[in-house]
Amino acid sequence: MNSLVCSSPFNLEYKQLPAPELTAGNAIIRIKNICICGTDLHAFEGTQPYFNYPRILGHELSGELVDADAAPGFNKGDLVTIIPYFNCGDCLACRSGKSNCCSKLRVCGVHIDGGMVEYLSVPSYSLVKAEGLNSQQLAMVEPLAIGAHGVRRAGISTGENVLVMGAGPIGLGAAEFARIAGANVIMLDINEYRLRFAQNQLGIEKVIHAGNENVMTQLELFTNAEMPAIVMDATGNQEVINQGLAYLAHSGRYVLIGLQKKNLEFSHPEFHKRETTLMSSRNATREDFDKVIFSIKNNLLNPTAFVTEWIKFDSVKESIGDWLHSPNLVKIGIEMD
Ligand SMILES: NC(=O)c1ccc[n+]([C@@H]2O[C@H](COP(=O)([O-])OP(=O)(O)OC[C@H]3O[C@@H](n4cnc5c(N)ncnc54)[C@H](O)[C@@H]3O)[C@@H](O)[C@H]2O)c1
Ligand SMILES: [Zn+2]
Ligand SMILES: [Zn+2]
């Protein structure tokens, strides 16, 4: 079968590999669509921490079930996606229903080979049914589930002011689920294209260009001087994360979806006087995947609007360099057929 292997930073190679065979507890999927994640781009440019090469990238995927063992309720030919965080089922997090932060987590396409192949073997427990979504919509479920999880962690109620920092695919997804939860959503970024996308495609009217506007003044304006009850970071930028606490209302929740490598640094008195609830948000669980699928099915959001361009699998190698630092895109999708 054809595959695309990232053999070392900046090197992608199409390679013929043997197709996987069905083994106990696993399922074989014929891949139809894959969306490209920031993680894939970071792995390609060699900036993804703790990453080993060679690696086959890709975890935001959809496909047709070719064969499966131990997959009750699934049939050959079913359209499926996967929860690509393979967990041990055994540790405290897993036993508490938080398989998203399993202590031995292996993410498909990150720690083990992923979806840029014709056929992929995955644990049957990771399968998710299409529920009527098409394969392009299904390939967008995982990235949207990240934002859905952050919003669920935040426990947003109707009418609350929510600031989402970072209008990349992850932040835009978080903004969508905050909107669906009934929040007054404000988006902050420095990328004009993405802020316009949030306004024009997602209907998020309140946006702040952090490079051109005074963030505090705009937040006061948009929240009737109350400031956001919830601030969510989806920039993964250390300075933005350190600064974000200043935007939070007293009694607020600060949710870190974005990730960076250094220490967090806040003023303790600022943190204390708000009685801030600080939480990280890692990956997503089946509940979040179900929420995303339900929301798409009920036309609460349009996942394919996020995909700036669908390209053929054969063109990924020649095009990936163009996507690395392009300001004018949200998401790239791949067509395998
Ligand atoms: N929680 C999880 O499990 C999970 C999963 C996937 C990605 N992530 C993390 O989420 C973050 C966002 O992912 P993404 O794919 O959307 O990334 P992205 O790079 O596409 O988006 C980040 C956005 O932040 C904006 N930004 C950067 N610096 C800024 C600044 N100084 N002020 C305002 N905006 C700024 C950028 O313009 C960009 O639009 C990353 O840190 C990523 O590692 C977390
Ligand atoms: Zn991803
Ligand atoms: Zn575990």
Side-chain angles (χ1 to χ4, degrees), residues 34-43 47-49 57-61 81-110 114-115 125 139-153 163-175 187-198 207-213 215 232-244 247 255-261 279-285 288 306 308 323-332:
I34 312 169
C35 287
I36 304 270
C37 179
T39 309
D40 302 323
L41 296 176
H42 293 148
T47 54
Q48 181 72 14
L57 307 173
H59 57 272
E60 305 177 354
L61 57 87
T81 184
I82 61 163
I83 303 175
Y85 334 117
F86 304 153
N87 63 298
C88 78
D90 211 36
C91 70
L92 176 64
C94 285
R95 295 199 318 275
S96 321
K98 300 202 59 164
S99 51
N100 59 308
C101 59
C102 167
S103 63
K104 297 180 187 130
L105 202 68
R106 290 174 314 143
V107 178
C108 179
V110 179
Y125 67 74
M140 273 299 298
V141 170
E142 190 275 344
L144 289 169
I146 303 290
H149 186 71
V151 166
R152 186 157 66 86
R153 294 273 289 147
L163 171 66
V164 180
M165 305 191 296
I170 299 298
L172 291 165
M187 276 269 30
L188 174 150
D189 204 292
I190 46 173
N191 178 318
E192 196 68 55
Y193 174 89
R194 287 178 162 184
L195 289 175
R196 247 182 286 121
F197 175 88
V207 303
I208 303 175
H209 191 301
N212 301 343
E213 293 175 292
V215 178
M232 306 180 88
D233 176 73
T235 65
N237 176 295
Q238 187 202 28
E239 280 175 34
V240 176
I241 294 171
N242 289 343
Q243 175 62 28
Y247 305 147
V255 184
L256 305 183
I257 306 176
L259 177 65
Q260 50 87 33
K261 287 184 253 177
M279 46 185 118
S280 61
S281 177
R282 186 179 181 197
N283 299 325
T285 65
D288 304 306
F306 283 64
T308 313
W323 307 330
L324 282 180
H325 301 290
S326 167
N328 295 330
L329 64 82
V330 175
K331 194 104 191 146
I332 296 291

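When a ligand or atom number is given, it counts from 1 through the structure's own listing order. Keep in mind that the numbers below use all heavy atoms, side chains included, and drop hydrogens, waters and symmetry copies.
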Worksheet item: If you measure every N/O of P169 against every N/O of ligand 1, is any gap under 3.5 Å?
Response: yes
Item to complete: Please could you name the atoms of ligand 1 that G236 approaches to less than 4.0 Å, counting only its heavy atoms?
Response: 41 (O)
Worksheet entry | V240 contact mode with ligand 1 (heavy-atom cut-off under 4.0 Å) | side chain
Fill in: Element-labelled atoms of ligand 1 that are located less than 4.0 Å from some non-hydrogen atom of R282
1 (N), 3 (O)
Worksheet item: Do K98 and T285 come close enough that some side-chain heavy atom pair is under 4.5 Å?
Response: no
Worksheet entry | Backbone or side-chain N or O of S281 under 3.5 Å from ligand 1 N or O | yes
Discussion item. Distance alone, cut at 3.5 Å: any donor-acceptor contact between the side chains of D233 and T235?
Written reply: yes
Worksheet item: Are side-chain heavy atoms of T308 and F197 found at a separation under 4.5 Å?
Response: no
Worksheet item: Are there protein heavy-atom neighbours of atom 41 (O) of ligand 1 below 4.0 Å?
Response: yes
Response to the item:
If we number the atoms of ligand 1 from 1 as shown, the ones under 4.0 Å from a heavy atom of L188 are 33 (C)
Practice prompt. With heavy atoms of L259 as the reference, note each atom of ligand 1 found under 4.0 Å away.
Written response: 41 (O)
Practice prompt. With atom 10 (O) of ligand 1 as the reference point, say which of A145, G244, G258 has the nearest heavy atom.
Written response: G258
Fill in: Residue, atom name and distance, where the atom is the protein heavy atom closest to atom 8 (N) of ligand 1
I257 O, 4.0 Å
Worksheet, complete the sentence: Within the 4.0 Å heavy-atom cut-off, what N237 brings close to ligand 1 is side chain
Practice prompt. Considering heavy atoms of the protein only, find what lies nearest to atom 26 (N) of ligand 1 and give residue, atom and distance to 0.1 Å.
Written response: T235 CG2, 3.9 Å
Worksheet item: M165 versus Q243: any side-chain heavy-atom pair under 4.5 Å?
Response: no
Worksheet item: Is the shortest N/O to N/O distance between R194 and ligand 1 below 3.5 Å?
Response: yes
Discussion item. Once rounded to the nearest 0.5 Å, what's the spacing between atom CG of L188 and atom CD of E213?
Written reply: 9.0 Å
Discussion item. I'd like to know if the side chain of N242 and the backbone of E239 have a donor-acceptor N/O pair within less than 3.5 Å.
Written reply: no
Worksheet item: Hey, what's the angle at the Zn ion (ligand 3) spanning SG (C88) and SG (C91), nearest 10 degrees?
Response: 110°
Worksheet, complete the sentence: When distances are taken from atom 4 (C) of ligand 1, the protein heavy atom at minimum range is I146 CG2, 3.7 Å
Response to the item:
Any heavy atom of I170 under 4.0 Å from ligand 1? The part involved is both
Worksheet item: Do Y125 and I83 have side-chain heavy atoms sitting under 4.5 Å apart?
Response: no
Fill in: G166-ligand 1 polar pair, N/O distance under 3.5 Å
no
Worksheet item: N/O/S atom of D40 under 2.8 Å from the Zn ion (ligand 2), yes or no?
Response: no
Fill in: Spacing of CG belonging to L259 relative to OG belonging to S281, to within rounding of 0.5 Å
11.0 Å
Fill in: E142 and L61, any side-chain heavy atoms less than 4.5 Å apart
no
Discussion item. I'd like to check N212 versus E192 (side-chain heavy atoms, cut-off strictly below 4.5 Å). Are they in contact?
Written reply: yes
Discussion item. Among all the protein's non-hydrogen atoms, which is closest to atom 3 (O) of ligand 1, and how far away is it?
Written reply: N283 N, 2.7 Å
Worksheet item: Where does A234 meet ligand 1, judged by heavy-atom distances below 4.0 Å: at the side chain, the backbone, both, or neither?
Response: backbone
Practice prompt. Answer yes or no: is there a side-chain heavy-atom contact under 4.5 Å between L41 and I36?
Written response: yes
Discussion item. Nearest 10°: the angle subtended at the Zn ion (ligand 2) by C37 SG and H59 NE2?
Written reply: 110°
Item to complete: Using distance alone, decide if ligand 1 has a nitrogen or oxygen within less than 3.5 Å of any nitrogen or oxygen in D189.
Response: yes
Discussion item. Taking 4.0 angstrom as the limit and counting only heavy atoms of G168, give me the atoms of ligand 1 inside it, by number and element.
Written reply: 16 (O), 20 (O), 21 (O), 23 (C), 39 (O)
Discussion item. So, of the N/O/S atoms that E60 has, which is the nearest one to the Zn ion (ligand 2)?
Written reply: OE2
Practice prompt. Provide, to 0.1 Å, the distance between atom 29 (C) of ligand 1 and the closest protein heavy atom, together with that atom's residue and name.
Written response: I190 CD1, 3.7 Å
Worksheet item: Would you say the side chain of F86 lies within less than 4.5 Å of the side chain of C108, judging by non-hydrogen atoms?
Response: yes
Discussion item. So, 2.8 Å as the limit: is an N/O/S atom of C35 located closer than that to the Zn ion (ligand 2)?
Written reply: no
